[in-house]
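What follows is a short report on a single structure.
Predicted model, so just to flag it, every value in this text is computed and none were measured.
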Amino acid sequence: MSESSEPAAGTARPGAPGGRADAATEAFVAHRNLLFTVAYEMLGSAADAEDVLQETWLRWTGVDLGTVRDQRAYLVRITTRQALGRLRTLRRRKESYVGPWLPEPLLTSPDVAEDVELADSVSMAMLLVMETLAPTERAVFVLREVFDLGYDEIAEAVGKSQAAVRQIVHRARAHVAARRPRGAVSAAETRSALEAFQRAVETGDLQRLFDILAPDVVFLGDGGGVAQAALVPILGADKVAPLAAGLRRFGAAGSLEAAQVNGYPALIFRLDGEIDTVIAVRLEDGLITGLYAVRNPEKLSRMERETLLRR
């Protein structure tokens, strides 16, 4: 559901008693940012998360609220089921995607960065790790590790037994632990690395780039077949550094600016004042091990206004 189509509090559903519709609307609006966050973490796509919220709302309006003991849990359950169906569709769509697929970046508010666990869970690096999970594994991992739902609630949401959910959680944790960056990375560390990267790019200083890039750094560019981008991952500082230094050739027409993206510091590259690329990083031991450049214009629409994420 787009923000413009979100039901306003107090809006009655046609054909329904006003009080019941008002109560349904108020509950949905109260939990909307949480539901969006659940859907986005499962899908990595804001556009698809909004569609999931639309579907959640439509189903929620048909629920007898008198039978609902915990409205938050019930709404999360609907959202999870809808997101699981959408996730399987997305996987088929990604098979024909042109070039590397990256999550849709979100301009996030400072309070997201203050919630370290939430920021980590929506970071570009973590979302890419979660892309390697099977759909049910991803749903279970998100609901347990990020939102701390009970095993009974998760079991209802994904249609599994509690014993099965516990096994899936264990398997997903091990899978994520083997692929996520080693050790916690603070926003301050990320900001420092990005500032060094930005200075190196703006001055065309290759040596400074080599100093901040890990030898085995990976560059992923997402143009979606619409904007020019590398069609395969670029591996190694010897290849990535010259590529990054090439941003300087845009001269006065282009500019790099700091932004808070997916809970962490990132860079926005503007060309003639318009957002051209969003650059996020993965950091380990003070060095950039992953550079993620989103150029697909269809994925940049959420970068002009902050998206509210909640747990």
Exercise. Below 4.5 Å, heavy atoms only, C-beta onward: do R32 and L53 meet side chain to side chain?
Worked result: yes

Problem set entry | Geometric cation-pi criterion R69 and Y74, 6.0 Å radius, 45° cone | no

Exercise. Say you draw a straight line from CG of N296 to NZ of K299; how long is it, rounded to the nearest 0.5 Å?
Worked result: 6.0 Å

For this session: Over all heavy atoms of both residues, which pair between P265 and L194 is shortest? Give the atoms and the distance, please.
Result: O-CD1, 3.0 Å

For this session: Side-chain contact test, heavy atoms from C-beta onward, threshold under 4.5 Å: evaluate it for L209 versus F197 and give yes or no.
Result: yes

Problem set entry | Non-hydrogen side-chain atoms of V140 and E145 separated by less than 4.5 Å | no

For this session: List the steps and the verdict of side chain to side chain contact (heavy atoms under 4.5 Å, CB included) for L106 and V122.
Result: CA-CA 9 Å; L106 305 178; V122 297; over 6 Å; no

Problem set entry | Atom of L43, atom of A49 and distance for their closest heavy-atom approach | CD1-N, 3.9 Å

Problem set entry | R270 and S255 side chains, donor-acceptor separation under 3.5 Å | no

For this session: Heavy atoms only: give me the nearest F210-A237 pair and the separation to one decimal.
Result: CE2-O, 3.3 Å

Problem set entry | Side-chain touch Y151/V169, heavy atoms, less than 4.5 angstrom | yes

Problem set entry | Spacing of CZ belonging to R86 relative to CZ belonging to R93, to within rounding of 0.5 Å | 7.0 Å

Problem set entry | N/O donor-acceptor pair under 3.5 Å between E104 side chain and G44 backbone | no

Problem set entry | Spacing of L128 atom CG and S123 atom OG [to the nearest 0.5 Å] | 8.5 Å

Exercise. Would a 4.5 Å heavy-atom cut-off, applied to side chains only, mark I279 and L247 as touching?
Worked result: yes

Exercise. Got a donor-acceptor contact below 3.5 angstrom from the S192 side chain to the E189 backbone?
Worked result: no

Problem set entry | Sub-4.5 Å side-chain heavy-atom contact between P100 and D222 | no

Problem set entry | Heavy-atom donor-acceptor pair, R295 side chain to Q228 backbone, under 3.5 Å | yes

Exercise. With the 4.5 Å side-chain cut-off for hydrophobic clustering, are V226 and I275 part of the same group?
Worked result: no

Exercise. So, the side chain of S301 versus the backbone of P297: is there a donor-acceptor pair under 3.5 Å, distance only?
Worked result: no

Exercise. Heavy atoms, side chains only, cut-off 4.5 Å: are R81 and R59 in contact?
Worked result: no

Exercise. Hey, is the main chain of R199 close enough, under 3.5 Å, to the side chain of E202 for a donor-acceptor pair?
Worked result: no

Seminar exercise, completed: Per salt bridge (Lys or Arg N to Asp or Glu O under 4.0 Å), E137 is matched among R144, K160, R171 by R171

Exercise. Among the clusters formed by ILVMFWY side chains lying less than 4.5 Å apart, do V294 and I288 turn up in the same one?
Worked result: no

Exercise. Would you call D115 and R310 a salt bridge, using N to O less than 4.0 angstrom?
Worked result: no

For this session: Establish, yes or no, whether the cationic atom of R282 lies under 6.0 Å from the six-membered ring centre of Y292 and within 45° of the ring axis.
Result: no

Exercise. Nearest heavy-atom pair of T108 and G263: which atoms, and what distance?
Worked result: OG1-N, 2.9 Å

For this session: To the nearest 0.5 angstrom, please state how far the CZ atom of R180 sits from the OG1 atom of T132.
Result: 11.5 Å

Exercise. Is there a side-chain contact between L143 and M42, using heavy atoms and a 4.5 Å cut-off?
Worked result: no

Exercise. Does CD in E117 sit with more than 12 non-hydrogen atoms of other residues, nucleotides or ligands closer than 6.0 Å?
Worked result: no

For this session: Evaluate salt bridge (charged side-chain N to carboxylate O under 4.0 Å, His left out) for D148 paired with R311, printing each intermediate quantity in order.
Result: CA-CA 9 Å; D148 198 29; R311 284 204 294 165; over 6 Å; no

For this session: Examine distances only and state if a side-chain atom of E153 and a backbone atom of G150 form a donor-acceptor pair shorter than 3.5 Å.
Result: yes

For this session: Flag the pair F28 / W57 as yes when their ring centroid distance falls below 6.0 Å, and as no otherwise.
Result: yes

Seminar exercise, completed: d(L35 CG, R72 CZ) to nearest 0.5 Å is 9.0 Å

Exercise. Same cluster for L107 and V278 if Ile/Leu/Val/Met/Phe/Trp/Tyr side chains link at under 4.5 Å?
Worked result: yes

Exercise. So, the side chain of R138 versus the backbone of E41: is there a donor-acceptor pair under 3.5 Å, distance only?
Worked result: yes

For this session: For P105 and V261, work out which heavy atoms get closest and say how close.
Result: CB-CG1, 3.8 Å

Exercise. What residues form a side chain to side chain contact (heavy atoms under 4.5 Å, CB included) with A229, not counting sequence neighbours?
Worked result: none

Exercise. Could you state the interatomic distance from CG (L256) to CD (Q198), rounded to the nearest 0.5 Å?
Worked result: 5.0 Å

Exercise. Is L283 reachable from I234 through a run of I, L, V, M, F, W or Y residues, each pair having side-chain heavy atoms under 4.5 Å apart?
Worked result: yes

Exercise. Distance-only, no hydrogens or angles: does the T37 side chain make a donor-acceptor pair with backbone N or O of N33 under 3.5 Å?
Worked result: yes

Exercise. Has the side chain of D276 got a donor or acceptor atom that lies under 3.5 Å from a matching backbone atom of F269?
Worked result: no

Problem set entry | Side-chain donor/acceptor of W60 to backbone N/O of L75, under 3.5 Å | no

Exercise. After noting the C-alpha distance and the side-chain angles of V142 and S121, does the key distance pass the side chain to side chain contact (heavy atoms under 4.5 Å, CB included) rule?
Worked result: CA-CA 8 Å; V142 166; S121 70; over 6 Å; no

Problem set entry | Other residues, nucleotides, ligands: >12 heavy atoms within 6.0 Å of Q162 CD | yes

Exercise. So which pairs with a foot in residues 229-242 pass salt bridge (charged side-chain N to carboxylate O under 4.0 Å, His left out), sequence neighbours left out?
Worked result: none

